[in-house]
Visitor: 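Structure provided below as structure tokens; questions to follow.
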Amino acid sequence: MAAALSAVVSAKLGCPPAAALGSLKGSRISSRKLVSMKTMTARRGLVSLRSPRFRVSCAAKAETVGKVMQIVKQQLALGEEAKLAPESQFTELGADSLDTVEIVMALEEEFGITVEEDNAQSITTIQDAADLIDKLVADGGGKPPAAA
């Protein structure tokens, strides 16, 4: 489990796997950046990482994030001056469930992918959408984003 966690954390932090776990003490992993975990339960020496504070993202390509931001602005009629971040939640931008469905449909059309219903329901932020798109494109389910 430590090796898998090391790989995930190193991908998130952008450093070699050995440096990612630098030192493992209690409920913290330290390296160049600090990642803190709150543990919910521990059974037989295993730590549960089901806490809402623990979230490791796979950091989608900047081009994908940028294209998703453009599509969200267009679908929600936000205008070019609107400030969006990868962490921006669709609901905070004024999207309802129908808007979210339309965003997903626009993303499917733009990237040539098919998003399953289960995956579509898990998309709540721009980063969620970009991560899923990069995963589906890497799995051969679509086309890479055009350079903006």
Side-chain angles (χ1 to χ4, degrees), residues 1-17 20-21 24 27-29 31-80 82-148:
M1 181 169 152
L5 184 59
S6 174
V8 171
V9 173
S10 68
K12 173 67 176 161
L13 299 177
C15 59
L21 286 180
L24 183 60
S27 65
R28 289 193 214 182
I29 300 170
S31 179
R32 286 187 263 166
K33 297 180 184 176
L34 179 64
V35 176
S36 175
M37 296 182 288
K38 177 183 174 188
T39 58
M40 297 291 282
T41 60
R43 290 186 195 168
R44 292 183 244 155
L46 298 176
V47 177
S48 172
L49 300 177
R50 293 182 181 230
S51 170
R53 287 182 47 197
F54 183 77
R55 182 170 186 195
V56 177
S57 168
C58 45
K61 297 176 189 168
E63 302 89 31
T64 306
V65 174
K67 191 64 179 172
V68 170
M69 285 183 185
Q70 287 178 348
I71 291 170
V72 169
K73 283 181 182 181
Q74 180 182 7
Q75 291 295 318
L76 299 179
L78 295 177
E80 289 301 317
K83 301 289 184 201
L84 300 182
E87 302 82 26
S88 297
Q89 293 189 0
F90 299 148
T91 55
E92 291 174 354
L93 299 172
D96 59 19
S97 59
L98 181 58
D99 291 323
T100 303
V101 169
E102 290 175 351
I103 290 169
V104 171
M105 289 172 55
L107 294 171
E108 287 178 325
E109 184 177 323
E110 177 65 31
F111 292 95
I113 58 173
T114 301
V115 178
E116 299 296 326
E117 187 176 340
D118 292 344
N119 290 333
Q121 291 177 355
S122 70
I123 299 173
T124 59
T125 67
I126 291 171
Q127 187 69 52
D128 291 341
D131 290 343
L132 179 61
I133 290 165
D134 277 356
K135 179 184 177 298
L136 292 173
V137 169
D139 291 346
K143 59 183 180 181

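It should be emphasised that the depicted structure is a prediction, and the values quoted were computed from it without experimental measurement.
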Visitor: For the CG atom of Leu107 and the CG atom of Leu132, what is their distance to the nearest 0.5 Å?
Guide: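 Going from CG on Leu107 over to CG on Leu132, the span is 9.0 Å.
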Visitor: Roughly how far apart are Gln74 CD and Met69 CE, rounded to 0.5 Å?
Guide: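 Gln74 atom CD to Met69 atom CE measures 15.5 Å (nearest 0.5 Å).
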Visitor: Would you please test Ser88 and Leu93 for side chain to side chain contact (heavy atoms under 4.5 Å, CB included) and show each step?
Guide: CA-CA 7 Å; Ser88 297; Leu93 299 172; 4.2 Å; yes
Visitor: Do the side chain of Asp99 and the main chain of Asp96 share a donor and acceptor less than 3.5 angstrom apart?
Guide: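 Yes, the answer is positive, given that a donor and an acceptor are paired below the 3.5 Å cut-off.
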Visitor: On a heavy-atom basis, which atom in Ala120 and which in Val104 lie closest, and how many Å separate them?
Guide: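 Looks like CB-CG1, 4.3 Å.
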Visitor: Taking the side chain as C-beta and beyond, is there a heavy-atom pair between Ile126 and Phe90 under 4.5 Å?
Guide: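 Heavy-atom side-chain distance check passes, below 4.5 Å.
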Visitor: Could you check whether any side-chain heavy atom of Leu84 comes within less than 4.5 Å of a side-chain heavy atom of Leu78, counting everything from C-beta outward?
Guide: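 Of all side-chain heavy-atom pairs linking Leu78 with Leu84, at least one is under 4.5 Å.
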Visitor: Just so I know, are the side chains of Thr124 and Thr91 near enough to count as touching, which here means a heavy-atom distance under 4.5 Å?
Guide: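 No, too far: nothing below the 4.5 Å cut-off.
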Visitor: With rounding to the nearest 0.5 angstrom, report the NZ to NZ distance, Lys83 to Lys73.
Guide: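 NZ of Lys73 is found 7.5 Å from NZ of Lys83.
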Visitor: Any salt bridge linking Lys135 with Asp139? Criterion: basic side-chain nitrogen under 4.0 Å from a carboxylate oxygen.
Guide: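 A salt bridge links Lys135 with Asp139.
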Visitor: Can you name the nearest heavy-atom pair linking Asp128 to Ser122, along with the distance?
Guide: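 Closest approach of Asp128 to Ser122: OD2-O, 3.5 Å.
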Visitor: Give, for atom CD of Gln75 and atom CE of Met105, the distance between the pair rounded to the nearest 0.5 Å.
Guide: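 Going from the CD atom of Gln75 to the CE atom of Met105 covers 9.0 Å.
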Visitor: What pair of heavy atoms forms the shortest contact from Val65 to Ala130, and how long is it?
Guide: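 Residues Val65 and Ala130, closest heavy atoms: CG2-CB, 3.7 Å.
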Visitor: Would you call Thr125 and Glu87 a side-chain contact if the rule is heavy atoms closer than 4.5 Å?
Guide: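 No; the side chains remain at least 4.5 Å from each other.
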Visitor: Which distance, rounded to the nearest 0.5 Å, do you find between the CG of Leu76 and the CD1 of Ile71?
Guide: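 Leu76 CG to Ile71 CD1: 11.5 Å, rounded to 0.5 Å.
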Visitor: Could you walk me through whether Ile113 and Ile133 satisfy the side chain to side chain contact (heavy atoms under 4.5 Å, CB included) test, starting with their C-alpha distance in whole Å, then the side-chain angles of each, then the deciding distance to 0.1 Å, before giving a yes or no?
Guide: CA-CA 8 Å; Ile113 58 173; Ile133 290 165; 3.8 Å; yes
